[in-house]
Amino acid sequence: MPLTPLLMFALFGLLVFLFVLIQVDVLSFAFAKLGLSPQTGMLVLFGSLLGSGINIPLFSLPAEGGSAAPPPLPGRFDHLQPGLADFNGRTIVAVNLGGWVIPVGVSLYLLQLHDLPLLPVLLGVALISTISYSVSRPVQGLGIAMPVLVAPIAAVLVALFLDSAHAAPLAYVSGTLGVLVGADLLHLRVIPRLGAPVASIGGAGTFDGIFFTGVLAALLA
C-alpha cells in the first residue's frame with residue numbers, strides 16, 4: 001500500500017503517542033521506586049511541567065553589563081537561567097516553581113515518608129553539592145552550566161554507598177538538593193558578573209535541571 005501523506009501523518013502520530021507512553025511509564029516506575037502513588041507522581045510531573053515557566057522573584061542585584069543569552073550548550077543544562085527581558089543594569093534573582101519549589105517539596109516529603117536517617121542525608125547532600133560546585137561554571141549571559149549526567153550518577157553511587165536500603169529516595173534527595181546548593185546557591189556571588197536580566201534558581205525546570213537529576217537518580221538507584 002503506498003504511503004500517502006495522511007498515512008505518514010498517522011504513523012508519525014502513532015510513534016509520538018508510543019514515545020509518550022514509554023516516557024510516562026518510565027517516569028511512573030521512577031516515582032513508584034520513590035514510594036509515590038501514580039496519581040502523586042503524575043501530579044508532580046505535570047506540576048513541574050507547568051511550573052517550569054513560572055519564576056518567583058525574590059530580590060534584585062546590581063549587575064555588571066549585559067548580553068543576549070546564547071543558545072544552550074550541547075549536553076549541558078543551565079541553572080540560574082536568565083530570561084529574555086531587556087537588561088536594565090540589575091539582575092532579578094528568582095526561584096523556579098517547577099525546578100526548585102516542587103523538587104524541594106518532594107524531597108521534604110520523602111524525608112518524612114521513608115524516615116530517612118539524618119546523617120546519610122546530610123552527607124549525601126554535602127557530597128553532591130561539592131561535586132556539582134566543582135563541575136559547574138558560570139557562562140556570561142547564560143547562567144550556571146554543568147554536565148547533565150554527573151549529578152544523577154553521583155547521587156546514585158553516593159546513595160548506594162551510604163544507605164542501600166533507601167537508595168532511591170536518598171538518591172533523589174541528595175541529587176536535587178545537592179545540585180540546588182552546589183550549582184545554584186554556591187554560585188550566587190557570581191550573579192552580578194553574568195550580565196543576565198533574570199537569574200532563576202532551578203530555572204532549567206522540568207526534565208533537565210533539577211527535575212531530571214532527581215528522577216534519573218531515583219530510576220537508576
(request) Could you pull out the closest heavy-atom pair between Asp163 and Pro117, with the gap in Å? (result) OD2-CD, 3.8 Å
(message) Any non-hydrogen side-chain atom of Leu177 less than 4.5 Å from a side-chain atom of Val121?
(response) no
(request) Would you mind reporting whether Val93 and Ile191 have side-chain heavy atoms less than 4.5 Å apart? (result) yes
(message) Please determine whether side-chain contact (heavy atoms from CB on, under 4.5 Å) holds for the pair Leu149 and Leu216, giving the CA-CA distance in whole Å, both sets of side-chain angles, and the decisive distance to 0.1 Å.
(response) CA-CA 9 Å; Leu149 293 178; Leu216 185 58; 3.7 Å; yes
(request) May I ask you to decide if Leu110's main-chain N or O and His114's side chain share a donor-acceptor pair within less than 3.5 Å? (result) no
(request) Check for a donor-acceptor pair, side chain of Ser134 on one end and backbone N or O of Ile131 on the other, with a separation under 3.5 Å. (result) yes
(request) Identify the heavy atoms of Pro147 and Val135 that sit nearest to each other, and give their distance. (result) CD-O, 3.6 Å
(request) Hey, could you give me the CG/OG distance between Leu162 and Ser174, rounded to the nearest 0.5 Å? (result) 7.0 Å
(message) How long is the straight-line distance from CZ of Phe59 back to CZ of Arg90, given to the nearest 0.5 Å?
(response) 10.5 Å
(message) Quick check: do Asn55 and Val95 have side-chain heavy atoms less than 4.5 Å from each other?
(response) no
(request) State, to 0.1 Å, how close Ser136 and Gly182 come at their nearest heavy-atom pair, and which atoms those are. (result) OG-O, 4.2 Å
(message) Before you tell me yes or no, could you show the steps for Tyr172 and Lys33 under side-chain contact (heavy atoms from CB on, under 4.5 Å), namely the whole-Å CA-CA distance, both residues' side-chain angles and the distance that decides it to 0.1 Å?
(response) CA-CA 10 Å; Tyr172 181 95; Lys33 293 187 68 175; over 6 Å; no
(request) Classify the side-chain pair Ser37/Thr40 by whether it contains a donor and acceptor separated by less than 3.5 Å. (result) yes
(request) Evaluate the side-chain proximity of Val173 to Val106: yes if any heavy-atom separation is below 4.5 Å, no if none is. (result) no
(message) If I take atom CG from residue Leu118 and atom CG from residue Leu123, how far apart are they, to the nearest 0.5 angstrom?
(response) 9.5 Å
(request) Carefully, step by step, assess Leu188 and Ile201 under the rule side-chain contact (heavy atoms from CB on, under 4.5 Å). (result) CA-CA 9 Å; Leu188 285 178; Ile201 302 174; 4.1 Å; yes
(request) State plainly whether one hydrophobic cluster holds both Leu180 and Leu122, where clusters connect Ile, Leu, Val, Met, Phe, Trp and Tyr through side-chain heavy atoms under 4.5 angstrom apart. (result) no
(message) A side-chain contact here means heavy atoms from C-beta on lying under 4.5 Å apart; do Val181 and Ser132 qualify?
(response) no
(request) Give a yes or no on whether Leu108 and Leu43 share a hydrophobic cluster (residues Ile, Leu, Val, Met, Phe, Trp, Tyr; joining criterion: side-chain heavy atoms under 4.5 Å apart). (result) no
(request) Starting at OH of Tyr109, measure out to CG of Leu34 and round the result to the nearest 0.5 Å. (result) 10.5 Å
(request) Looking only at non-hydrogen atoms, find the nearest pair between Pro103 and Gly98 and report the distance. (result) CD-O, 3.3 Å
(message) Do Asp184 and Val179 make a side-chain contact, defined as non-hydrogen atoms from C-beta onward lying under 4.5 Å apart?
(response) no
(message) If you compare all heavy atoms of Ala30 against all heavy atoms of Ala218, which two are closest, and at what distance to 0.1 Å?
(response) O-CB, 4.2 Å
(request) May I ask you to test the Asn96-Ile54 pair for a side-chain heavy-atom distance under 4.5 Å? (result) no
(request) Can you see which heavy atom on Ile128 is nearest to which on Ala151, and at what distance? (result) CD1-O, 4.5 Å
(request) Measure the CE-CG distance between Met42 and Leu36 for me, rounded to the nearest 0.5 Å. (result) 10.0 Å
(request) Check each of Thr213, Leu219, Leu157, Thr176 against Pro152 using the side chain to side chain contact (heavy atoms under 4.5 Å, CB included) test, and report the only one that passes. (result) Thr213
(request) With the side chain counted from C-beta on, respond yes when Pro169 and Leu113 share a heavy-atom pair under 4.5 Å apart, and no when they do not. (result) no
